[in-house]
There are 2 protein chains.
Amino acid sequence: MAQRQMAFPQADCSECPIRYRAVCAHCEGDELNQLEAIKYYRNYAAGQTIVWAGDRMDFVASVVHGVAALTQTMEDGRRQMVGLLLPSDFLGRPNREHATFDVTATTDLQLCCFRRQPFQDLLSNTHHVSKRLLEMTLDELDAAREWMLLLGRKTAREKIASFLSIIVRRDATIQQFAKGGALAFDLPLTREAMADYLGLTLETVSRQMSSLKKDGVIRLEGKRHIVIPDFDALMHETGDDSDGGVY
Amino acid sequence: MAQRQMAFPQADCSECPIRYRAVCAHCEGDELNQLEAIKYYRNYAAGQTIVWAGDRMDFVASVVHGVAALTQTMEDGRRQMVGLLLPSDFLGRPNREHATFDVTATTDLQLCCFRRQPFQDLLSNTHHVSKRLLEMTLDELDAAREWMLLLGRKTAREKIASFLSIIVRRDATIQQFAKGGALAFDLPLTREAMADYLGLTLETVSRQMSSLKKDGVIRLEGKRHIVIPDFDALMHETGDDSDGGVY
DNA sequence: TCTTGACCTTGATCTGGATCAAGCGAGCCC
DNA sequence: GGGCTCGCTTGATCCAGATCAAGGTCAAGA
């Protein structure tokens, strides 16, 4: 546990002109050209909606930088985030014309889009792309199941600690400092978006952040900048098995 | 809404000797022989554990009949169900040696198992099997996200109503009666397992079932047999959009 | 027939997080 | 500079669902 091993995802792939490691890591020659031909970039400002649930969606995409959220909203306004997309994550579902969830940019965001129909054609012909996509989908399913445990059974404090540790583990930009392995990063979400992620209200999020701060588990520099002096101490607050889980 | 269309999954595939529609629906000749060669059946009694999280798992499987549950348990005993497998559902993850979650039979259960390594080999060579598996995994991910909304934002009453409607929609054995379209079925889960599914305690499950009964939304014949006189009335209790959702 | 134990129901009470409400600080526009 | 608005914090109060506790039902087995 002392020498924690973290797998930082790489948003860019230096050999790949598409800069989209997730899909094209093993593409070569003709396949790359095909992907190049159907790709284009799109930029969104923080807070902008990319698609609404039910909208026609004529592309699939990969996050280049920034953060996007999938959310569901009930008729009376109750909202639940159901997906958080960080750089290199995949957005959209092949063989589905309409979006199932609202997608919004929670920070400034760049997407690398592929037109859906030709992308699907490529999928049919290129086995390793669909294998990769299956792998990614299975990983997302595992993440969703962890998230379900969080939503169903964890306390507010455990939810906050778990959320912070998830961000730390997934965000490639987080710097690992020398002294004592303290971690520092900016939250990519408002308190309200965190509440939607965790199934809480924004007031409870704020209170629990203050409480973790008071207890020295985190430091807050400004509203968004977090310093974690001792990652193990944070993990201890998550309620998860202490031994790092999967072996 | 009056003439509700339900897609009942078919557990058996009459043309398919493997009786496993989900995977082999479009397999022919040699592929079928390959699947036949690596398949075997296993039976479990209600309550039995199939694998523990972390156990080595040398097979993948399809549910032939009965119901299985994937659950996660925290150190202090809090439990959350994260998957519910009905007939024709798929169990196990290709390219993963060890189970991530506990798997238990919640009713008497028969699995059609395939040895994992040769199944993976088949996946690599047979495009339509891996395409089918991707499709199934994406469906499961969508289901998991609905489930997250339920866990994070719904009230106890809405959770129970949603659970019942999910069972009705997914269970192929449910009889549709002539008069008024009333539905009747046996719950495949104990109150405790329902609580684990919904992120509640078993007492709250029991109380809300009684409440729905008192209000005439459901009838309870014995502990487990449910009659739903008016499916729309039940749907109205779920908190979901009334118009059936996806279009 | 009686006992046992698994499941389930119901009542009384407690509490974590929701809700309602006020105020703060920092950018931004006039 | 003054006034806004947005994001956030903090306090007071409330309540849905948890917890604690008792008892009911039914099937299996002695």
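These figures come from a predicted structure and were not determined experimentally. Order of the sequence lines sets the chain letters (A, B, ...), proteins ahead of strands, with each chain counted from 1. Keep in mind that the numbers below use all heavy atoms, side chains included, and drop hydrogens, waters and symmetry copies.
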Would you please name every residue forming a side-chain hydrogen bond (donor to acceptor under 3.5 Å, both in side chains) with [X], sequence neighbours left out?
{"X": "A/Ser165", "value": "A/Arg169"}
{"X": "B/Arg78", "value": "A/Glu158, B/Asp76"}
{"X": "B/Asp102", "value": "none"}
{"X": "A/Gln208", "value": "none"}

Salt bridge (Lys or Arg N to Asp or Glu O under 4.0 Å): which pairs involve residues 143-152 of chain A, sequence neighbours left out?
A/Arg145-B/Glu140
Going by heavy atoms in the side chains, are B/Asp142 and A/Arg96 under 4.5 Å from each other?
yes
Any side-chain heavy-atom pair of A/Arg93 and B/Asp139 under 4.5 Å
yes
Dump the pairs, protein N or O against N or O of nucleotides 11-14 of chain C, anything under 3.5 Å, distances to one decimal.
{"from": "C/dG11", "atom 1": "N7", "to": "B/Arg207", "atom 2": "NH1", "distance (Å)": "2.9"}
{"from": "C/dG11", "atom 1": "O6", "to": "B/Arg207", "atom 2": "NH2", "distance (Å)": "3.1"}
{"from": "C/dA12", "atom 1": "N6", "to": "B/Arg207", "atom 2": "NH2", "distance (Å)": "3.4"}

Specify the closest pair of heavy atoms between A/Ala99 and A/Val51, including all atoms of both residues, with the distance to one decimal.
CB-CG2, 4.0 Å
Ignoring hydrogens, what is the shortest heavy-atom contact between B/Ala105 and B/Ala45? Give both atom names and the distance.
CB-O, 3.7 Å
Using atom [atom1] of [X] as one end and atom [atom2] of [N] as the other, report the distance to the nearest whole Å.
{"X": "A/Ile160", "N": "C/dG16", "atom1": "CD1", "atom2": "C1'", "answer": "14 Å"}
{"X": "B/Met209", "N": "D/dG17", "atom1": "CE", "atom2": "P", "answer": "16 Å"}
{"X": "B/Lys159", "N": "D/dA16", "atom1": "NZ", "atom2": "P", "answer": "14 Å"}
{"X": "A/Asp76", "N": "C/dT19", "atom1": "CG", "atom2": "P", "answer": "10 Å"}
{"X": "A/Arg79", "N": "C/dA18", "atom1": "CZ", "atom2": "C1'", "answer": "17 Å"}
{"X": "B/Leu202", "N": "D/dA21", "atom1": "CG", "atom2": "P", "answer": "15 Å"}
{"X": "B/Gln208", "N": "D/dA18", "atom1": "CD", "atom2": "C1'", "answer": "13 Å"}
{"X": "A/Leu220", "N": "C/dG25", "atom1": "CG", "atom2": "P", "answer": "16 Å"}

Under 4.0 Å between a side-chain N or O of [X] and OP1 or OP2 of [N]?
{"X": "B/Ser210", "N": "C/dT9", "answer": "no"}
{"X": "B/Arg224", "N": "C/dC7", "answer": "no"}
{"X": "B/Thr201", "N": "D/dG17", "answer": "no"}

If the test is side-chain contact (heavy atoms from CB on, under 4.5 Å), which one of B/Val67, B/Val63, B/Asn43 qualifies with B/Leu109?
B/Val63
What does the list of N/O pairs under 3.5 Å between the protein and nucleotides 22-29 of chain D look like, with a distance for each?
none

Which is it for B/Gln80 and B/Leu151 under the side-chain contact (heavy atoms from CB on, under 4.5 Å) test, yes or no, and what are the steps along the way?
CA-CA 10 Å; B/Gln80 178 63 52; B/Leu151 290 171; 3.8 Å; yes
Hey, does A/Ser206 reach any base, or is it just sugar-phosphate, or nothing, if we go heavy atoms under 4.0 Å?
base
List the atom pairs, donor and acceptor, that lie under 3.5 Å between side-chain atoms in residues 214-225 of chain B and the rest of the protein, sequence neighbours left out.
{"from": "B/Asp215", "atom 1": "OD2", "to": "B/Arg157", "atom 2": "NH2", "distance (Å)": "2.3"}
{"from": "B/Arg224", "atom 1": "NH1", "to": "B/Leu187", "atom 2": "O", "distance (Å)": "3.3"}
{"from": "B/His225", "atom 1": "ND1", "to": "B/Asp186", "atom 2": "OD1", "distance (Å)": "2.8"}

Identify, residue by residue, the members of residues 191-200 of chain B with a heavy atom below 4.0 Å from DNA chain D, and return them in order of residue number, or none.
B/Gly199, B/Leu200
All ring-ring contact (aromatic ring centres under 6.0 Å, His included) counterparts of B/Phe163, not counting sequence neighbours:
B/Tyr197
Which residues satisfy the salt bridge (Lys or Arg N to Asp or Glu O under 4.0 Å) test with A/Arg191, sequence neighbours excluded?
none
Residues in residues 149-156 of chain A with a heavy atom under 4.0 Å of DNA chain C, by number, are A/Thr155, A/Ala156
